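None of the values given here were measured: they were computed from a predicted structure. First the proteins, then the strands, lettered A, B, ... as listed; each starts at 1.
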There are 2 protein chains.
Amino acid sequence: MKIELSQKQADAIRYVRNWLMNKGKTPSVRELMTALGYKSPRSAAIIIEELIRKGILKKRSNGDLQLIKDIDADSVHARTVDIPLVGMVTCGVPIFAQENIEGFIPVSVSLAKPGFKYFLLRAKGDSMNQAGIDEGDLILVRQQSVAKNGDIVVALIDNDAIVKEFQHHKNCVVLMPKSNNKKHKPIILTENFQVQGVVVTTIPNLEV
Amino acid sequence: MKIELSQKQADAIRYVRNWLMNKGKTPSVRELMTALGYKSPRSAAIIIEELIRKGILKKRSNGDLQLIKDIDADSVHARTVDIPLVGMVTCGVPIFAQENIEGFIPVSVSLAKPGFKYFLLRAKGDSMNQAGIDEGDLILVRQQSVAKNGDIVVALIDNDAIVKEFQHHKNCVVLMPKSNNKKHKPIILTENFQVQGVVVTTIPNLEV
DNA sequence: TACAAAGTGTATAATAGTGTATAATAAAAG
DNA sequence: CTTTTATTATACACTATTATACACTTTGTA
């Protein structure tokens, strides 16, 4: 199924995706306006309406946008798969639920191997900079609920997605930070919590 | 039944929980304000109003807040509370005094249950290695002044935090070492000494 | 007891940002 | 030319946040 796109609409999609990758959220109407060279918010709003009508964008309940499908994926790059970018993790909701997914980013199949389930996460804070993960990086995570000692895992703690080193001891599990910054503490847990996945690789933030 | 929470609201809940755990009361509007990074009490008040509306907080007759239901600790999302790490115990100073606390470490609420007061202690020496406590281990201690026979208790003797097995006899209390090292002797005390707490669990050799 | 200081919850108005809608204008097409 | 389309300037309603003020309680001190 081919979708007809105007030049401006294609630009808008690319812009939304880049904004999503670099800032972790979709742009506002006025931000899209200036990015596309318009001088009125109405112009950008019309582009958005069209893309929603074509099923590429969606409007969430809170008003934010959501990038449903990536238009490059089915046309140009055959050797990529669309991996969901998980934003704010909503309380009590599976990490792959619709409301957690900000959009889809094409990732090379040499990283995201067929047969496994992956998601992308945006790193915040510097608690993992010793492990090569800096603020704003995108983290490619393979979904699995088991981990072995030394794995860098993603876990949901206190309504936040935490990325730390997994250490299983006799009675408990400790999630260790890999920062040299003393302010980052380990987290001590019982065994009855769920690991969301293990980090495969990180994609450095292109911006800055 | 799921409750939609914004990030700020989730932060607020965690903050209230920790405040409750460590200070025995809920924070004031302005304390929550600074904790959440706001600059106006109105902003924190709105968060509180929302959480009251969602049935998570409640306002008592005297105006204090009350944490009605913490989001149920299911297997996916682990909840934590910040437990003070007590370093060197200073002479004559209560164990929870500011000068004794090195920092706070998040511990799962399934280990540190709300309603009790806990602290973490670093084990030194090998007097408890038979009981699975080695040098450098972190010990999670529930604060209480009574103990029953067989409990591993923390007691302050001669300005030192001692971890030993509690045994109450007719006229005296004996603190038994559990080491196979002969140099560690039992300590015989009269009843007028203070038990600081009982050991809940130990975390092997955590470098913080 | 009286007073002052600090901390409390609450309320108001102002600001900045948001999405959206209207009517006027400019460009393109018939 | 007229008609249609795209774009503009502008306004409106809404939300989040801010600075600030007010009335009240507690607390220590003179």
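Residue A:Lys8 is out of contact with every strand shown, counting any heavy-atom pair closer than 4.0 Å.
At the phosphate of D:dT18, OP1 or OP2 sits under 4.0 Å from a side-chain N or O atom of B:Ser43. One finds no side-chain N or O of B:Lys39 lying less than 4.0 angstrom from the OP1 or OP2 phosphate oxygen of D:dA16.
Nearest-nucleotide mapping onto DNA chain C: of B:Arg30 and A:Ser28, the residue sitting toward the 5' end is B:Arg30. Mapping A:Arg42 and A:Val29 onto DNA chain C by nearest heavy atom places A:Val29 at the nucleotide closer to the 5' end.
Rounded to an integer number of Å, the gap from A:Glu49 CD to C:dT20 C1' is 9 Å. In this entry the distance linking CD1 of A:Ile47 with P of D:dT7 reads 7 Å, nearest Å. With rounding to whole Å, A:Ile48 atom CD1 is found 16 Å from D:dA6 atom P. For A:Ile46 and D:dT8, the CD1 to P distance is 10 Å, given to the nearest whole Å. The distance from atom CD of A:Glu31 to atom P of C:dT20 is 14 Å, rounded to the nearest whole Å. Atom CE of A:Met33 is separated from atom P of C:dT20 by 15 Å (rounded to the nearest Å). Distance CG (B:Asp64) to C1' (C:dT8): 10 Å, rounded to an integer number of Å.
B:Asp11 places no side-chain N or O within donor-acceptor distance of the main-chain N or O of B:Leu36, the cut-off being under 3.5 Å.
Taking every side-chain heavy atom of B:Pro41 into account, D:dT20 is the closest of D:dT8, D:dT20, C:dT8.
Residues A:Leu140 and A:Leu111 share a closest heavy-atom pair of CD2-CB, 3.8 Å.
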- Verdict with supporting geometry, A:Glu49 and A:Lys59, salt bridge (charged side-chain N to carboxylate O under 4.0 Å, His left out): CA-CA 10 Å; A:Glu49 287 169 8; A:Lys59 193 154 288 184; over 6 Å; no
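Relative orientation of the B:Tyr15 and B:Trp19 rings is tilted, given thresholds of 30° and 60° on the angle between their planes.
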